Asker: 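Let me begin by handing over the structure; questions about it come next.
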Amino acid sequence: MLSAARRMGSVKTSMLQDVERGNRLELASICDAVLELSDAYNISMPVTQAISSIAHFKDLSQNSKHALDVEQGGQAPVSKCRIG
């Protein structure tokens with residue numbers, strides 16, 4: 001699998017492309033679902049939790065329109081951000 005990835009050359013993941021474009025990240029399906037499953041099976045995933053929290057923070061902090069909407073009375077999305 002790694003050799004196939006090397007043959008692809010320089011590529012950008014869809015999440016990196018979203019960050020560069022200022023789009024919201026699809027963290028519910030990428031991070032949150034994994035953490036929900038780990039909770040359901042009582043499996044500790046501290047590194048995944050930390051990375052998810054950082055990604056949620058980056059997503060919310062880069063989206064200034066969303067931040068302004070929340071400041072002006074909008075509702076922030078429910079987040080699964082947590083560490084520990």
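Reckoned from all heavy atoms, side chains included, excluding hydrogens, waters and symmetry mates. As the structure is a computational prediction, the values presented were derived from the model and not from experiment.
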Asker: Looking at CD1 of I30 and OG1 of T48, how far apart are the two atoms once the value is rounded to the nearest 0.5 Å?
Answerer: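 It comes to 13.0 Å.
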Asker: Closest approach of L25 and A55, non-hydrogen atoms and distance?
Answerer: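 Looking at all heavy atoms of both residues, the shortest contact is CD1-O, 4.0 Å.
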Asker: When rounded to the nearest 0.5 angstrom, what is the spacing between CZ in R6 and CG in L2?
Answerer: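 Between R6 CZ and L2 CG, I get 5.0 Å after rounding to 0.5 Å.
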Asker: To the nearest 0.5 Å, what is the distance between CD1 (I51) and CG (L27)?
Answerer: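 One finds 12.0 Å between CD1 of I51 and CG of L27.
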Asker: Do the side chain of S52 and the main chain of Q49 share a donor and acceptor less than 3.5 angstrom apart?
Answerer: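 Such a contact is absent between S52 side chain and Q49 backbone.
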Asker: Can you establish whether the number of heavy atoms outside Q17 located under 6.0 Å from its atom CD is more than 12?
Answerer: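 Enclosed.
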Asker: Taking M15's backbone N and O only, do any of them form a donor-acceptor pair with E26's side chain (distance below 3.5 Å, no angle check)?
Answerer: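 No, E26 side chain to M15 backbone: no donor-acceptor pair under 3.5 Å.
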Asker: Indicate, with yes or no, if V47 and I54 share a hydrophobic cluster defined by side-chain heavy-atom contacts under 4.5 Å among Ile, Leu, Val, Met, Phe, Trp and Tyr.
Answerer: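 As far as the 4.5 Å side-chain criterion goes, V47 and I54 are not connected within one cluster.
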Asker: Are any of the side-chain nitrogens in D59 or R24 under 4.0 Å away from the carboxylate oxygens of its partner?
Answerer: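 Salt bridge between D59 and R24, a charged N being under 4.0 Å from a carboxylate O: yes.
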Asker: What's the spacing between L37 CG and M45 CE if we round to 0.5 Å?
Answerer: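 The CG atom of L37 sits 9.0 Å away from the CE atom of M45.
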Asker: Distance from H56 atom NE2 to D32 atom CG, nearest 0.5 Å?
Answerer: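 If I round to the nearest 0.5 Å, the distance is 3.5 Å.
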